[in-house]
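Below is one structure, written out as structure tokens, with a few remarks after it.
Just follow the structure's listing: the first ligand is 1, and inside any ligand the first atom is 1.
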Amino acid sequence: MKTLKLEITKENISLAARIINESGVVAMPTETVYGLAASALDESAVKKVFEAKGRPQDNPLIVHISDMDMLYPLISCLPDKAKLCAEKFWPGPFTMVLPKTDLIPSSVSAGLDTVAVRMPSNEVARDFIRACNLPIAAPSANISGLPSPTTAEHVVRDMDGKIDAVLMAGDCEVGLESTVVTFTTNPPKLLRPGGVTAEQLREILPDLEIDKAVLESAEAGKPVASPGMKYKHYSPSCDVTMLIGSSEEYTKYLNSHNEDGLCALCFEEDIENLDCPYVCYGKMSDGKTQAAELFEALRLLDDKGFRKCFAHAPNLSGVGLAVYNRLIRAAAFKVKELKSKVVIGLTGPTGSGKTTLCDIAKKYDFEIINADLVVREVYKKDLAIKTLCDAFGEEILSGGQIDRKKLAALAFQSKESTDLLNNTALPIICDEIKDIISRSERDYILLDAPTLFESGLDKNCDFIISVISNEEIRKSRIMARDNMSEDDANMRLAASKSDEFFISRSTHIIFNNGSKKEFENEANSVILNIINNKGE
Ligand code: TXA
Ligand code: MG
């Protein structure tokens with residue numbers, strides 16, 4: 001079949017109306033999305049619509065009218081609340097489900113005894129419906145399952161060769177399908193959020209209910225109030241996961257999960273902090289821009305061949321509810337909440353008892369990052385080996401691996417060589433630690449780092465606990481733990497920073513000069529204090 005692409009002229013609107021009156025199918029613009037129009041009173045025309053879309057037969061269509069006179073023959077009653085809503089929201093992106101009359105064939109209502117009706121505000125749509133002089137059944141003009149079309153080009157891509165004509169108008173203003181409310185229940189129920197927001201509806205319908213399926217997946221096998229909500233919807237081929245969190249949490253997560261074929265579906269505000277490819281859908285602070293751009297953005301993901309996408313979830317107020325409702329379906333209900341993690345630095349002079357505190361934190365499901373172990377791992381990697389050999393020569397190697405003793409001997413010879421070590425190895429180690437932090441799935445992270453302040457990692461911590469104990473106690477601990485002579489232990493202690501250095505830079509200080517039990521109690525209460533009050 002050849003599909004006519006009709007520019008918007010009076011003659012073409014008349015031509016399109018003639019096609020409808022001869023049981024044909026025409027794609028028409030509306031303020032929400034493009035619709036696939038057929039006479040709502042003509043079973044054979046409606047059948048063609050289902051075929052062109054590949055739509056399941058049990059999903060009913062919305063009937064579009066151009067004025068109130070067209071409404072009354074289609075419905076058996078108009079509750080007062082519905083009448084008020086019609087006055088307030090029509091013409092516009094608002095659909096009412098009402099008890100139907102026999103005029104509506106069962107193929108339109110998919111066997112239900114109700115009909116969904118809407119009066120669009122788009123001028124071309126209204127002129128066209130008026131010219132048809134018939135109520136017009138029109139689902140969104142996409143192939144079933146794909147994102148709804150918001151431009152004439154989207155329609156042509158999905159429908160060329162399958163329908164009689166497309167009215168080639170401009171982009172759809174709202175960008176998401178109409179709000180659907182059923183008045184067959186008392187109180188009325190929001191079945192599908194859209195351009196008319198729940199907040200606007202509640203001004204007229206204070207007792208409005210929101211159907212569970214708006215935000216959750218319908219349970220398999222259970223009847224749904226709006227059949228359309230049970231189908232896979234708005235789905236690009238690209239595998240979408242929705243992430244809930246602030247711009248900072250979202251961009252951090254993306255940057256630490258960057259991989260080939262991954263794309264961010266993000267807000268304008270996120271772009272400057274993202275290191276990976278992105279498709280943008282509006283402003284974080286403006287649901288209307290998100291609604292207008294979402295479907296185009298979902299189609300772009302496939303056009304650009306992305307395999308996987310992390311979408312930044314909108315907030316749920318205003319039109320955001322509708323955006324969320326479509327996006328969660330595009331994501332096949334895969335949602336992840338990016339809770340902000342709390343990072344606690346743990347430091348203090350050597351031998352003060354940090355390990356005991358790590359053991360306690362483990363019981364609270366903390367992720368423990370031992371900086372010293374990270375250094376060991378980093379030194380095994382090619383990047384560190386190459387960087388350090390470039391700086392200190394190959395004499396720091398034993399059997400191709402970095403020999404920490406040899407490196408220390410060279411690096412602590414002079415201030416210059418210590419600086420050299422700090423400028424070369426430290427950035428690699430710090431990057432690795434930051435990476436472990438951002439990849440962690442835990443809520444709390446304890447970073448055990450003796451040189452927390454010197455490395456600058458203190459800036460990545462929300463809290464800093466220093467464990468301090470007096471020198472004599474530390475000396476005997478070091479001697480016992482590391483099997484050291486008193487002289488060596490004294491040298492170690494002398495190299496350590498003063499208590500004051502730690503105390504002045506920490507948010508929490510634990511003195512460990514008494515019994516093990518006392519220390520454990522104190523450590524427990526500091527950790528609980530951070531968890532319960534986040535330290536305040
Ligand atoms: O903005 C819109 O509403 C667009 C434009 C073209 O007007 N149309 C649209 O139609 O989105 P469609 O077919 O893609 O979605 C119709 C939705 C489906 O979720 C369907 O299940 C629901 O409305 N619906 C239709 N009749 C219903 C009824 N009698 N009871 C409950 N839900 C109904
Ligand atoms: Mg649809």
For the pair Arg299 and Asp158, find out whether any cationic side-chain nitrogen is under 4.0 Å from an anionic carboxylate oxygen.
-> yes
Is there at least one pair of N or O atoms, one from Tyr34 and one from ligand 1, spaced under 3.5 Å apart?
-> no
Thr114 heavy atoms, cut-off 4.0 Å: which ligand 1 atoms fall inside?
-> 28 (C), 29 (N), 30 (N)
Identify the residue among Thr30, Thr32, Thr95 that makes a side chain to side chain donor-acceptor pair (under 3.5 Å) with Ser178.
-> Thr95
Measuring from the heavy atoms of Pro93, does anything fall under 4.0 Å of ligand 1?
-> no
Any ion pair linking Lys341 and Glu441 (charged N to carboxylate O, less than 4.0 Å)?
-> no
Could you list which atoms of ligand 1 come closer than 4.0 Å to a heavy atom of Pro139?
-> 10 (O), 12 (P), 13 (O)
If you measure from each non-hydrogen atom of Asn59 to ligand 1, which part falls under 4.0 Å: side chain, backbone, both or neither?
-> side chain
Do Pro187 and Leu205 come within less than 4.5 Å of each other through their side chains, counting heavy atoms only?
-> no
Could you tell me if any non-hydrogen atom of His64 lies under 4.0 Å from any atom of ligand 1?
-> yes
Numbered atoms and elements of ligand 1 in range of Ser140, under 4.0 angstrom, heavy atoms | 8 (N), 9 (C), 10 (O), 12 (P), 14 (O)
Thr32: numbered ligand 1 atoms lying under 4.0 Å from its heavy atoms = 1 (O), 2 (C), 4 (C), 5 (C), 7 (O)
Heavy-atom pair of closest approach, residues Ala291 and Val319 = CB-CG1, 3.8 Å
Residues Arg126, Glu31: salt bridge by 4.0 Å N-O rule | no
Element-labelled atoms of ligand 1 that are located less than 4.0 Å from some non-hydrogen atom of Gly35 | 6 (C)
Compute the shortest N/O to N/O distance between Lys53 and ligand 1 and return yes if it is under 3.5 Å, no if not.
-> no
Check each heavy atom of Arg55 against ligand 1 and say whether those closer than 4.0 Å belong to the side chain, the backbone, both or neither.
-> side chain
Does Glu177, backbone or side chain, put an N or O under 3.5 Å from an N or O of ligand 1?
-> no
Pick one of side chain, backbone, both or neither for how Leu112 approaches ligand 1, counting any non-hydrogen atom pair under 4.0 Å.
-> side chain
So CD1 of Ile433 and CG of Leu447: to nearest 0.5 Å the spacing works out to 5.5 Å
Identify whether the distance between the nearest side-chain nitrogen and carboxylate oxygen of Asp80 and Lys83 falls below 4.0 Å.
-> no
N/O separation below 3.5 Å, Thr30 to ligand 1 | no
To which of Lys100, Arg192, Glu31, Met96 does the heavy atom nearest atom 17 (C) of ligand 1 belong?
-> Arg192
Contact atoms of ligand 1, heavy-atom distance to Ala116 under 4.0 Å = 25 (C), 26 (N), 27 (C)
Can you tell me if Thr289 uses its side chain to pair, donor with acceptor, with the backbone of Gly282 under 3.5 Å?
-> no
At under 4.0 Å between heavy atoms, which part of Ala138 makes contact with ligand 1: side chain, backbone, both or neither?
-> backbone
Determine whether Ile531 and Tyr364 make a side-chain contact, defined as any pair of heavy atoms from C-beta on separated by less than 4.5 Å.
-> yes
Is Arg307 salt-bridged to Asp239, going by a charged N under 4.0 Å from an acidic O?
-> no
Note: ligand 1 atoms sitting under 4.0 Å from heavy atoms of Val97 are 28 (C), 29 (N), 30 (N), 31 (C)
Output yes if Ser140 passes the N/O/S-under-2.8 Å test against the Mg ion (ligand 2); output no otherwise.
-> yes
If you measure from atom 3 (O) of ligand 1 to every heavy atom of Ala137, Ser178, Ser109, which option wins on shortest distance?
-> Ser178
Please determine if Glu177 and Arg326 form a salt bridge, counting it only when a charged side-chain N lies under 4.0 Å from a carboxylate O.
-> yes
Any Lys/Arg nitrogen of Asp207 or Arg202 sitting under 4.0 Å from an Asp/Glu carboxylate oxygen of the other?
-> no
Proximity to ligand 1 by part of Arg118, non-hydrogen separation under 4.0 Å = side chain
